Number of protein chains: 2
Amino acid sequence: MSLLEARRIFETYLAAQNLKHSRPRLQVMESFIAAGEHLTAEELHRRVKRKFPHIGVATVYRTLKLMHAGGLCGELKLQDGTTRYEALCGRDHHDHLICTRCGRLEEVVDPDIEALQGKLFKRHGYRPQWHRLELYGLCGSCLKKSAAPGTQEG
Amino acid sequence: MSLLEARRIFETYLAAQNLKHSRPRLQVMESFIAAGEHLTAEELHRRVKRKFPHIGVATVYRTLKLMHAGGLCGELKLQDGTTRYEALCGRDHHDHLICTRCGRLEEVVDPDIEALQGKLFKRHGYRPQWHRLELYGLCGSCLKKSAAPGTQEG
DNA sequence: CTCGATGCAAAGAATTTGCAGTCAC
DNA sequence: GTGACTGCAAATTCTTTGCATCGAG
């Protein structure tokens, strides 16, 4: 997603909520989009501070919450206990493939799975709102490493 | 799952790890199994204390970790930020259907989805370890309630 | 100007850990 | 008896909040 696009969406959201688009807010948002990764609040704070040293953690948390409320980012509570944020705006739903060794996080989509999930909701009398699917395993490169001598895992 | 079955599995695990099956440990485990629900550590602690008032939180956390390591219970980091534990021993994998209104949590299985997930792993060069699928929506009874006058939701 | 937003540091919530005493083996 | 386990409370970690000050409109 482009920075400009994100900025437009963010500003639209802020305006709609009667919120100000303050400099720190935009700086956090821009750093987040520029990172293009799934970051924790702390990681984002470190990144933001590289360019804007004065910005505090609280602002990062507050801005992430705003962006989440505005649909600009998603919040992922992963199994390892961390909470990561991902850019969402203008993007379709996707699931996550996560390497338990190196932490690599890939976005994946499978329309067939999505369709079956919809049926599952219906079968149980639920109205779907959203879902999350996280697939944990070892990625190709970690598999190679674990095949190499000296490194192995159960 | 029966309490006896759980106790056997738990004691087997403890023995295998050269751990002692102390009274507090078994009391926590029994309360957990007896509850038959998806509990948070704090909820379990409250429950345990009803029968065994002397038991501290730390023991509950420690025992949950043990049970998790022993495969007796699963740990669910839900989107609302809570961490819940569910009895697992002797049970097959399942996914979760969660009502965002009343918090109801149902266990569901769909073999077709499972199969597709396996393919997804393979397609991306991963070796599967485990996965989680959580489906969030409104359950039948909450849907009825929201249809009733006076209560509505987006 | 007027409030909302910020940064700091202190408060909270959830979980872990250190330690002296207790208990299983 | 001995070393692991326990309960307590203090420590950690992650996140939120209070408050004086700053800045957007």
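The shown structure was predicted, so the numbers you read here are calculated from the model rather than taken from an experiment. Side-chain atoms are counted along with the backbone in the values below, which use heavy atoms only and exclude waters and symmetry mates. Proteins get letters first, then strands, A, B, ... in listed order; numbering begins at 1 in each.
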Other cluster members, B:Val57 - Ile/Leu/Val/Met/Phe/Trp/Tyr, side-chain contacts below 4.5 Å: B:Tyr61

Backbone N/O of A:Ala87 and side chain of A:Arg91: donor-acceptor pair under 3.5 Å: yes

Quick check on contacts: within residues 17-28 of chain A, what sits under 4.0 Å from DNA chain D by heavy-atom distance? A:Lys20, A:His21, A:Arg23

By the salt bridge (Lys or Arg N to Asp or Glu O under 4.0 Å) test, which pairs, at least two apart or in different chains, include something from residues 73-84 of chain A? A:Glu43-A:Arg84

For A:His45 against A:Gly56, the heavy-atom pair lying closest together: NE2-C, 3.5 Å

Could you go step by step and tell me if A:Tyr136 and A:Cys99 meet the side chain to side chain contact (heavy atoms under 4.5 Å, CB included) rule? CA-CA 6 Å; A:Tyr136 293 84; A:Cys99 178; over 6 Å; no

If I take atom CG in residue A:Leu44 and atom P in nucleotide D:dT15, what distance separates them, rounded to the nearest angstrom? 12 Å

Would you mind writing out the side-chain donor-acceptor pairs for residues 12-29 of chain B within the sub-3.5 Å range, not counting sequence neighbours?
unit_1: B:Thr12; atom_1: OG1; unit_2: B:Arg8; atom_2: O; d: 2.7
unit_1: B:Ser22; atom_1: OG; unit_2: B:Arg25; atom_2: N; d: 3.4
unit_1: B:Arg25; atom_1: NH1; unit_2: B:Lys20; atom_2: O; d: 2.5

Taking A:Thr59 for the side chain and A:Ile55 for the main chain, is one N or O donor matched with an acceptor at less than 3.5 Å? no

ring-ring contact (aromatic ring centres under 6.0 Å, His included) pairs touching residues 74-106 of chain B, sequence neighbours excluded, are B:His38-B:His96, B:His93-B:His131, B:His94-B:His96

Contact list for DNA chain C against residues 54-67 of chain B - heavy-atom distance below 4.0 Å: B:Ala58, B:Tyr61, B:Arg62, B:Lys65

Rounding to a whole Å, what distance do you find between A:Leu39:CG and D:dC14:C1'? 16 Å

Just so I know, are the side chains of A:Tyr126 and B:Leu97 near enough to count as touching, which here means a heavy-atom distance under 4.5 Å? yes

Close approaches to DNA chain D from residues 78-86 of chain A, in residue order (heavy atom, under 4.0 Å): A:Thr83

Run the side-chain contact (heavy atoms from CB on, under 4.5 Å) test against B:Ala58 and tell me which residues pass, sequence neighbours left out. B:Arg62

Specify the closest pair of heavy atoms between A:Ser146 and A:Arg101, including all atoms of both residues, with the distance to one decimal. CB-NH2, 3.2 Å

For a quick test of reading the model, state the closest non-hydrogen atom pair linking A:Cys73 to A:Leu64 and the distance between them. SG-O, 3.8 Å

Using the C1' atoms of the five pairs at each end, what is the angle between the end axes of the helix from C:dC1-D:dG25 to C:dC25-D:dG1, to 10°? 30°

Below 4.0 Å from chain A heavy atoms, what is the first contacting nucleotide of DNA chain C and what is the last? C:dC3 to C:dC8

Output every pair passing salt bridge (Lys or Arg N to Asp or Glu O under 4.0 Å) with a member in residues 128-138 of chain B, not counting sequence neighbours, ordered by first then second residue. A:Arg132-B:Glu134, A:Glu134-B:Arg132, B:Arg132-B:Glu134

Checking A:Asp110 now: which residues fulfil salt bridge (Lys or Arg N to Asp or Glu O under 4.0 Å) with it, not counting sequence neighbours? B:Arg123

Below 4.5 Å, heavy atoms only, C-beta onward: do B:Phe32 and B:Arg47 meet side chain to side chain? no

